[in-house]
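Start at 1 and go down the list; that is how both ligands and their atoms are numbered. Residue numbers count from 1 along this sequence.
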Amino acid sequence: MNQLFPIFIKLNQIHTLLVGGGKVALEKFEALASNDNALNLTIVAKEIIPEFAQLLKEYPQIDLYVRPFASEDMINKQLVIAATNNMELNEQLRNLTRQNNILFNAADKPELCDFYLGSIVKKGNLKIAISTNGKSPTIAKRLKELLNDLLPEEIDETLSLMSTYRDQLKGDFEFKVKKLNEHTKDILGHER
Ligand SMILES: C[C@@]1(CC(=O)O)c2cc3[nH]c(cc4nc(cc5[nH]c(cc(n2)[C@H]1CCC(=O)O)[C@@](C)(CC(=O)O)[C@@H]5CCC(=O)O)C(CC(=O)O)=C4CCC(=O)O)c(CCC(=O)O)c3CC(=O)O
Ligand SMILES: NC(=O)C1=CN([C@@H]2O[C@H](COP(=O)(O)OP(=O)(O)OC[C@H]3O[C@@H](n4cnc5c(N)ncnc54)[C@H](O)[C@@H]3O)[C@@H](O)[C@H]2O)C=CC1
């Protein structure tokens, strides 16, 4: 059984710290920024690969510090993602985040993580996050590709139309739920 609880985070409201500037850090950065390019992020890395530094020029709001991590970097952060090649540093980050009540992810180190990144299907306003409970990120990636192909582009139009319909509905909560369920019965092809 998978006991992980998925939540959808507003990356422009919280402040995230990414430690590391290599290939894996770049992958994690792309995973974050592809959801919200206005994200609130600080990056600290002893060294950064040129393609990562180049990409960051497109994000003037992101702070990049090319130097070793210092414990002060944790101040005012709510989420920390580590993508370093240094296990001692990973352990230090794990301990500091715990002391400061900050959620922690270390790329490819499940035993240190409070949360995992998921594979993400995106169609306009629709977003589906996939977890395999850490069993196979590759299968998560393949499922994402499959769902991306299966879901019609028009699904976003349907969401917008439903949103307008929902705003127009007058009545109490129960009435609205009934109406919305009736209206979508055929779209989804089955009854609730
Ligand atoms: C637990 C977790 C923790 C975390 O990192 O958050 C974790 C852990 C590990 N990943 C490893 C390897 C790979 N990870 C990927 C890819 C992704 N990994 C992601 C998430 C997660 N990876 C979390 C669980 C998610 C879940 O529940 O499924 C995705 C979904 C999201 C993202 O990272 O943005 C992203 C797909 C993005 C997309 O949709 O494209 C690929 C494939 C590739 O890159 O093509 C490989 C190589 C092939 C393979 O091993 O499958 C290893 C072994 C390292 C080693 O062998 O040394 C570990 C460690 C371990 O398993 O012990
Ligand atoms: N590259 C890959 O495909 C895979 C990598 N991994 C693991 O992911 C981790 C990162 O991988 P890569 O990005 O390839 O490594 P990398 O060696 O390219 O990058 C590590 C980054 O950590 C930074 N760093 C090290 N000590 C630091 C400190 N004290 N303060 C701030 N920054 C510091 C370095 O400057 C560098 O930017 C490693 O643990 C690796 O074993 C796991 C699976 C696959």
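- For the ligand labelled ligand 2, residue Ile48 lies outside the 4.0 Å heavy-atom shell.
- A salt bridge does not link Asp172 with Lys178: every distance from a Lys NZ or Arg NE/NH1/NH2 to an Asp or Glu carboxylate oxygen is 4.0 Å or more.
- Closest to atom 19 (O) of ligand 2 among all protein heavy atoms lies Gly22 CA, 3.6 Å.
- The CZ atom of Arg166 sits 11.5 Å away from the CG atom of Leu159 when rounded to the nearest 0.5 Å.
- If you number the atoms of ligand 2 from 1 as listed, the ones under 4.0 Å from a heavy atom of Lys109 come out as 39 (O).
- Ligand-side atoms of ligand 2 in range of Phe69: 28 (C), 30 (N), 31 (C), range being under 4.0 angstrom from any heavy atom.
- Under a 4.0 Å criterion applied to the non-hydrogen atoms of Glu47, ligand 2 contributes the atoms 35 (O), 36 (C), 37 (O).
- Between the side chains of Lys122 and Ser34, a donor-acceptor pair is found at a separation under 3.5 Å.
- Remark: minimum distance from atom 31 (C) of ligand 2 to any protein heavy atom is reached at Lys46 N, 3.4 Å.
- Considering backbone and side-chain atoms together, Val24 places an N or O closer than 3.5 Å to an N or O of ligand 2.
- Inside a 4.0 Å radius of atom 27 (C) of ligand 2 there is at least one protein heavy atom.
- Ile62 CD1 to Ile43 CD1: the interatomic distance, rounded to the nearest 0.5 Å, is 5.5 Å.
- Protein heavy atom at the shortest distance from atom 3 (O) of ligand 2 is Lys23 NZ, 3.0 Å.
- For atom 23 (C) of ligand 2, the closest non-hydrogen atom on the protein side is Gly20 CA, 4.0 Å.
- Counted by atom type alone, Asn35 and Lys127 present one or more donor-acceptor pairs between their side chains at under 3.5 Å.
- In this structure, ligand 1 sits under 4.0 Å from heavy atoms belonging to Lys28, Ala31, Asn105, Ala107, Asp108, Pro110, Tyr116, Leu117, Gly118, Ser119, Ser131, Thr132, Asn133, Gly134, Pro137, Thr138, Ala140, Lys141, Lys144.
- Taken from OG1 in Thr42 to NZ in Lys77, the straight-line distance is 4.5 Å, to the nearest 0.5 Å.
- Going from atom OG1 of Thr84 over to atom CG of Asn86 covers 5.0 Å, rounded to the nearest 0.5 Å.
- We find the CZ-CG distance between Phe175 and Leu169 to be 6.0 Å, quoted to the nearest 0.5 Å.
- The nearest heavy-atom contact from the protein to atom 44 (C) of ligand 2 is Asp108 OD2, 4.0 Å.
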>> One pair to check against side-chain hydrogen bond (donor to acceptor under 3.5 Å, both in side chains): Asn40 and Thr16. What are the steps and the verdict?
In response: CA-CA 6 Å; Asn40 206 354; Thr16 303; over 6 Å; no

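- By the 4.0 Å heavy-atom criterion, Ala107 is excluded from the residues contacting ligand 2.
- Protein heavy atom at the shortest distance from atom 29 (N) of ligand 2 is Leu89 CD2, 3.5 Å.
- Considering backbone and side-chain atoms alike, Asn85 places an N or O below 3.5 Å from some N or O of ligand 2.
- The nearest protein atom to atom 39 (O) of ligand 2, hydrogens excluded, is given as Thr84 O, 3.0 Å; this is a heavy-atom distance.
- Ion pairing between Arg94 and Asp114 holds under the 4.0 Å rule for side-chain N and carboxylate O.
- For Ser160 and Asn125, the side-chain atoms include no donor-acceptor pair closer than 3.5 Å.
- Every residue meeting the side chain to side chain contact (heavy atoms under 4.5 Å, CB included) condition with Gln61, not counting sequence neighbours, appears here in chain and number order: Leu39, Tyr59.
- Distance NE2/His15 to CG/Leu41: 6.5 Å, rounded to 0.5 Å.
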